Undergrad: 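The structure that follows is given in the form of structure tokens.
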2 protein chains.
Amino acid sequence: MMVSTKGRYALTVMVDLARKGENGYVSLSDIAESENLSMKYLESIIAILNKGGMLKSLRGKNGGYMLARDPKDYTINEILLLTEGTLAPVNCIMQEGVQCEKAATCSTLPLWAGLDKVIENYLKGITLEDIIIGNRKKMLGEYCESCEPAE
Amino acid sequence: MMVSTKGRYALTVMVDLARKGENGYVSLSDIAESENLSMKYLESIIAILNKGGMLKSLRGKNGGYMLARDPKDYTINEILLLTEGTLAPVNCIMQEGVQCEKAATCSTLPLWAGLDKVIENYLKGITLEDIIIGNRKKMLGEYCESCEPAE
DNA sequence: CATATTCCTACCAAGAGAGTAGGATTTGTC
DNA sequence: GACAAATCCTACTCTCTTGGTAGGAATATG
């Protein structure tokens, strides 16, 4: 699995914050409750988002979290990349610059590189706002059945 | 990681068989040696390919494996799907028909479904033959720097 | 019959995934 | 100043997957 619960929950949190964010800081327990997820586990995931500069936080009573930017200024790629560490579909493509020692002669490498680019490209093209407004056409593209209603 | 060594090695085996396949059956030890992989581990991977109808096999002396079809008649998608079980990027999209119970109200589901389709689409568009002939344009698409040589 | 090969079952060690536990620190309110 | 509500921080644990290994049975060729 390329994206674990960590990345998935992180995205869920971001969506939740974007929806509730108008009225100031939202507490962890609030998020955990409305998404029905373990508060302790969410805590560790939010910590990653927070350290990565995705959120603003406030400690103490009435504290909580809110988005640091406008929803349209987050790509899904950066959210998942931060929480998952890498989104490469195979182990032989990890970070920029680092590559397998067989790379020069590996005939399957272009395939993995192409797959990686296709994934990255898709995730960079979708923003947090797209998810919130339910932009199915952008997310599902030609596979969206409800986008062009049957006559 | 979406594709483990199992899927990667399986693809390598298929490529190797396609290249050597003209002269009849190729033995496991032969493949393991030329790809420099553990023979015992490859054995378990080839067993999956063989049971899945991807290969023809012959036991006994001078036995071995060969492709069941022409390289151009294998998509990368089917090879990886067989060995990996699933290529879904997230756990909430597994098999056709089976879906998460929150699916109806999940705002992130269209994203995962779209990502899944993008991946599937890419892998269905590439054949074993494309890898063997090194069809970089098809694999790397717009990201292929060597496809349009600099003037 | 010897040898080279596939086939089959079982086992194992390390790491990742998915959380839990407990407490320290900070801030707002009474 | 005390208390409560919240974030922050470190460490631990359990289970499943990954990436193999071991040993031998069955089978075909010469």
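As the structure is a prediction and not an experimental result, all values here were calculated from the model. Numbered from 1 within each chain, the chains take letters A, B, ... in sequence-line order.
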Undergrad: Does anything in residues 24-55 of chain B come within less than 4.0 Å of DNA chain C? Heavy atoms only, and list the residues if so.
TA: B:Ser27, B:Leu28, B:Glu43, B:Asn50, B:Lys51

Undergrad: Which pairs count as salt bridge (Lys or Arg N to Asp or Glu O under 4.0 Å) when at least one residue sits in residues 64-81 of chain B, sequence neighbours excluded?
TA: B:Arg69-B:Glu78, B:Asp70-B:Lys72

Undergrad: The criterion is salt bridge (charged side-chain N to carboxylate O under 4.0 Å, His left out); which residues satisfy it with A:Lys102, sequence neighbours excluded?
TA: none

Undergrad: Starting from B:Leu58 and following side-chain heavy-atom contacts under 4.5 Å between hydrophobic residues (I, L, V, M, F, W, Y), which residues can be reached?
TA: B:Tyr25, B:Met66

Undergrad: Among all residues two or more places apart in sequence or in another chain, which pass the side-chain hydrogen bond (donor to acceptor under 3.5 Å, both in side chains) test with B:Arg8?
TA: none

Undergrad: If you look only at distance, which donor and acceptor atoms sit under 3.5 Å apart when one is on a side chain in residues 41-53 of chain A and the other is two or more places apart or in another chain?
TA:
residue, atom, partner, partner atom, Å
A:Tyr41, OH, A:Thr5, OG1, 3.0
A:Ser44, OG, A:Tyr41, O, 2.7
A:Asn50, ND2, A:Ser57, OG, 3.4

Undergrad: Would you call A:Lys117 and B:Leu140 a side-chain contact if the rule is heavy atoms closer than 4.5 Å?
TA: no

Undergrad: If you walk 5' to 3' along DNA chain C, what is the first nucleotide with an atom under 4.0 Å of a heavy atom in chain A, and what is the last?
TA: C:dA18 to C:dT29

Undergrad: Could you list the residues that satisfy salt bridge (charged side-chain N to carboxylate O under 4.0 Å, His left out) with A:Lys138, not counting sequence neighbours?
TA: A:Asp130

Undergrad: Just to verify, what does B:Tyr74 make a ring pair (Phe, Tyr, Trp, His ring centres under 6.0 Å) with, not counting sequence neighbours?
TA: none

Undergrad: How would you list all residue pairs meeting ring-ring contact (aromatic ring centres under 6.0 Å, His included) that involve residues 102-123 of chain A, not counting sequence neighbours?
TA: none

Undergrad: Taking 5' to 3' order, which nucleotide of DNA chain D is first and which is last to have an atom within less than 4.0 Å of a heavy atom in chain B?
TA: D:dG19 to D:dG30

Undergrad: Does B:Asp16 have any salt bridge (charged side-chain N to carboxylate O under 4.0 Å, His left out) partners at least two apart in sequence or in another chain, and if so, which?
TA: B:Lys20

